[in-house]
Trainee: 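Before anything else, here's the structure in question.
Just so you know, these numbers come straight off a predicted model, no measurement behind them. Chain letters run A, B, ... following the sequence lines, proteins first and then strands; every chain starts at 1.
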Amino acid sequence: MLDKTFIRENLDLVRKKLAARGGMYPLDELMVADAEWKSVVLRSEEMRRQRNEASEVIGKLKRAGNDTSAQQAKVKEISAEIKSLEENMKALEERLNSCLYSIPNLPDDSVPVGTDESANLEMRRWGRAPEFDFPPLDHVDLGLSLGILDLDRAAKIAGARFSLLRNDGALMERALINFMLDVHTKKHGYQEVLPPFMANSTSLFGTGNLPKFAQDLFKVEATDYYLIPTAEVPVTNIYQGEILEQAELPKKFTAYTPCFRSEAGSYGKDVRGLIRQHQFNKVELVKFVEPSASYDELESLTRDAEDILQQLGLHYRVMALCTGDMGFSSAKTYDLEVWLPSQNRFREISSCSNFEAFQARRANIRFRSEDGKRQYLHTLNGSGVAIGRTWLAILENYQQRDGSVVVPEALRPYMGGRELIKKQ
RNA sequence: GGAGAGGUGCUGGAGUGGUCGAACAGGGCUGCCUGCUAAGCAGUUAUACUGGCAAAACCGGUAUCGGGGGUUCGAAUCCCCCCCUCUCCGCCA
């Protein structure tokens, strides 16, 4: 959510930056509603002032034993008018908020301008694609033949876009979770948290998932609970409504959670395999930082996520998303894309974003600066990294001619020293 | 799920219809005092929106005592609904 006052005072800039994102946003409607709202507020405040004054007089007269029925009748009228003004105000507020809530964050000046992913900018690349002297299989064929992946049974249990891992497949998934958490806590200094896997609508509003993206979420019927689409939601909301001290910043958290996404609107996309699932595991990184530090923190957060891929020896590149390809709440996003031999291209495995104060304003997360002033802090997060996609990337990149898969060295201590996954 | 207790400012904690943005204490800040420390004395100490202003300072207004609604001329205080915390019972991994 943007600051209403900022929009009002920088309308041209806001218009320009939103144009870079593409899409239509109700800026003019917002301004009109805001002006109307203001005039109604002014009137209702004036009426309240009158009521307060008159009521005080009545109190005094009554204590002196005077009759006050005439004054009371008058105040009653005032109250009636206030009530109608308030109804008007509420309607305007709703209109104003629905505009405000539908406007995305403004892209940072350093974000490349463009309408779709073709305008994303490659920042750097690490490692090299493995070369095979045999036709490489994709992770589905590998996983099925190794007996570590069972999609038919998963479909029976739940449906399409679910998976069942078995034996070393399940073990490797668990190993990846532990490996990533260890790296982020021990090497990168993040505090590990294990949050609820469901969150209420207030929390989802705070991160910007609601109200606009309700269709992407699974909601638990007859409750206000949603399955979290990412750990970003519960972890960012840890400090919802709080005021932190400047000295405690930055605060850095890492969390493992499963993630649940309806994937509405992605019918026919990535239907094969584990790339796009209704449920997947992820280790997330979340930071609460001072505004002046947030872009440096985005760089280091991205490096922290990259470190995982480097330790696993997976070839990847870092993309700066362009204005048209960024998520709703983000001011700047780097995607990490890992090499997938079966597709002969890079696929997203992590997304690292600086939200500036966009989420902090929605979730009301502030900090007290050294001069005692309260202001919104900046939030960031990034996948550190997606477990499911790492799992399949390892299968594809480390496959052998005989269909077995070499376990990356960094992962072996987490798999009882196992060096190779063979047919089970 | 049943019964009960409670949710007030940075903290503790008063306050059962008007003079309450809220006693009192603690903490914080400013000044005085002081060889140093401790103590003492005086003052000060919320947030949001909004009017005056180009802006800040400042002055004024409105709102805020878990959230929402109601009663009333007037609500922290009365009534209703909801949320959260605690205790006991039931159920349960």
Trainee: Go through the structure and list residues passing ring-ring contact (aromatic ring centres under 6.0 Å, His included) with A:Phe197, not counting sequence neighbours.
Mentor: none
Trainee: I'd like to know if the side chain of A:Tyr414 pairs up with that of A:Asp182 as donor and acceptor (distance under 3.5 Å, no hydrogens or angles considered).
Mentor: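 The answer is yes; a qualifying pair exists.
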Trainee: Taking only the C1' atom of each, what is the distance from B:rG18 to B:rG1 in whole angstrom?
Mentor: 43 Å
Trainee: Does the side chain of A:Asn52 get closer than 4.0 angstrom to OP1 or OP2 of B:rC73 through an N or O atom?
Mentor: no
Trainee: Using whole Å, report how far CD1 of A:Ile243 lies from P of B:rU11.
Mentor: 10 Å
Trainee: Under 3.5 Å, is there a donor-acceptor pair between the A:Gln310 and A:Tyr316 side chains?
Mentor: yes
Trainee: Both distances under 3.5 Å, Watson-Crick or G-U wobble: on that basis, could you give the dot-bracket string for RNA chain B, with [ ] for crossing pairs and | for other-strand partners?
Mentor: ((((((((.[[[..)..(.....]]]((((((.......))))))(((((((.....))))))).[[[[[..)....]]]]])))))))....
Trainee: Run the salt bridge (charged side-chain N to carboxylate O under 4.0 Å, His left out) check on A:Arg49 and A:Glu46 step by step: do they pass?
Mentor: CA-CA 5 Å; A:Arg49 194 189 59 73; A:Glu46 169 59 19; 2.9 Å; yes
Trainee: Who passes ring-ring contact (aromatic ring centres under 6.0 Å, His included) against A:Phe367, sequence neighbours left out?
Mentor: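 If we apply the ring-ring contact (aromatic ring centres under 6.0 Å, His included) test to A:Phe367, skipping adjacent residues, there are no hits.
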Trainee: What protein N or O atoms touch nucleotides 47-54 of chain B N or O atoms at under 3.5 angstrom, if any, and at what distances?
Mentor:
residue, atom, partner, partner atom, Å
B:rU47, OP1, A:Arg374, NH1, 2.3

Trainee: Could you state the atom-to-atom distance from CD of A:Gln72 to C1' of B:rG17 in whole Å?
Mentor: 13 Å
Trainee: If the P atom of B:rA56 is compared with that of B:rU72, how far apart are they to the nearest Å?
Mentor: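 To the nearest whole Å, 42 Å.
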Trainee: With rounding to the closest Å, how many angstrom separate the C1' atoms on B:rC20 and B:rG13?
Mentor: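 My reading of the C1' atoms in B:rC20 and B:rG13 gives 16 Å.
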Trainee: Judged by each residue's nearest nucleotide on RNA chain B, which is more toward the 5′ side, A:Ser44 or A:Ile58?
Mentor: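 Closest to the 5' end, via its nearest nucleotide, is A:Ser44.
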Trainee: When the C1' atoms of B:rG12 and B:rG69 are considered, how many whole Å apart are they?
Mentor: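 Their C1' atoms lie roughly 32 Å apart.
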Trainee: Between N or O atoms, less than 3.5 Å apart, protein on one side and nucleotides 65-69 of chain B on the other: list the pairs.
Mentor:
residue, atom, partner, partner atom, Å
B:rG69, OP1, A:Lys90, NZ, 2.6

Trainee: Counting only pairs under 3.5 Å, give me each side-chain donor-acceptor contact of residues 88-99 of chain A, with atom names and distances, residues two or more places apart or in other chains.
Mentor:
residue, atom, partner, partner atom, Å
A:Glu93, OE2, A:Trp37, NE1, 3.0
A:Asn97, ND2, A:Glu93, O, 3.4
A:Ser98, OG, A:Arg95, O, 3.1

Trainee: Determine the Euclidean distance between corresponding P atoms of B:rC83 and B:rG68; express it in Å to zero decimal places.
Mentor: 15 Å
Trainee: Whole angstrom is fine here: how far is it from CD in A:Glu248 over to C1' in B:rC10?
Mentor: 14 Å
Trainee: Using the P atoms only, state how far B:rU30 lies from B:rU19, rounded to an integer number of Å.
Mentor: 34 Å
Trainee: What are the atom names and distances for every N/O pair under 3.5 Å that joins the protein to nucleotides 81-86 of chain B?
Mentor:
none

Trainee: If we count only N and O atoms by modelled type, under 3.5 Å, do the side chains of A:Glu192 and A:Thr185 hold a donor and an acceptor together?
Mentor: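 The criterion, which ignores hydrogens and geometry beyond distance, is not satisfied for A:Thr185 and A:Glu192.
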Trainee: To the nearest Å, give me how far apart CD (A:Glu245) and P (B:rG27) are.
Mentor: 18 Å
Trainee: May I ask you to say whether A:Arg161 pairs ionically with A:Asp270, meaning some side-chain N is under 4.0 Å from a carboxylate O?
Mentor: no
Trainee: Who pairs with A:Ser353 by side chain to side chain donor-acceptor pair (under 3.5 Å), at least two apart in sequence or on another chain?
Mentor: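 A:Ser353 satisfies side chain to side chain donor-acceptor pair (under 3.5 Å) with A:Thr333 only.
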Trainee: Return no unless some side-chain N or O of A:Ser79 is found under 4.0 Å from OP1 or OP2 of B:rG74.
Mentor: yes
Trainee: For residues A:Asp307 and A:Gln311, is any side-chain donor paired with an opposing acceptor at under 3.5 Å?
Mentor: yes
Trainee: Starting at atom CG of A:Leu61, determine the distance to atom C1' of B:rU19, rounded to an integer number of angstrom.
Mentor: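 Computing the A:Leu61:CG to B:rU19:C1' distance gives 14 Å.
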Trainee: Tell me, please, which residues at least two apart from A:Glu87 pass side-chain contact (heavy atoms from CB on, under 4.5 Å).
Mentor: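 A:Glu87: side-chain contact (heavy atoms from CB on, under 4.5 Å) contacts with A:Lys83.
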Trainee: Find the distance A:Gln50:CD to B:rC73:P and express it as a whole number of Å.
Mentor: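 Nearest whole value for this atom pair: 18 Å.
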Trainee: For A:Tyr190, check ring-ring contact (aromatic ring centres under 6.0 Å, His included) against everything at least two apart and list the hits.
Mentor: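 In terms of ring-ring contact (aromatic ring centres under 6.0 Å, His included), with neighbours along the sequence ignored, A:Tyr190 is linked to A:His184.
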Trainee: Roughly how far apart, to the nearest Å, are B:rG15 and B:rC24 at atom P?
Mentor: 15 Å
Trainee: Kindly state each residue pair satisfying salt bridge (Lys or Arg N to Asp or Glu O under 4.0 Å) with at least one member in residues 350-361 of chain A, sequence neighbours excluded.
Mentor: none
Trainee: Figure out the CZ/C1' separation between A:Arg51 and B:rU62, and round it to whole Å.
Mentor: 11 Å
Trainee: Roughly how many Å is it from CD1 in A:Ile78 to P in B:rU72, rounded to a whole number?
Mentor: 16 Å
Trainee: What interatomic distance, in whole Å, is found between P of B:rG28 and the corresponding atom of B:rG70?
Mentor: 44 Å
Trainee: Under the criterion side chain to side chain contact (heavy atoms under 4.5 Å, CB included), which of A:Ile394, A:Leu146, A:Val406 is the partner of A:Ile421?
Mentor: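 Going through the options one by one, the only one that passes is A:Leu146.
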Trainee: Once salt bridge (Lys or Arg N to Asp or Glu O under 4.0 Å) is applied, what residue pairs with a partner in residues 244-263 of chain A remain, sequence neighbours excluded?
Mentor: A:Glu245-A:Arg368, A:Glu248-A:Lys251, A:Glu263-A:Arg276
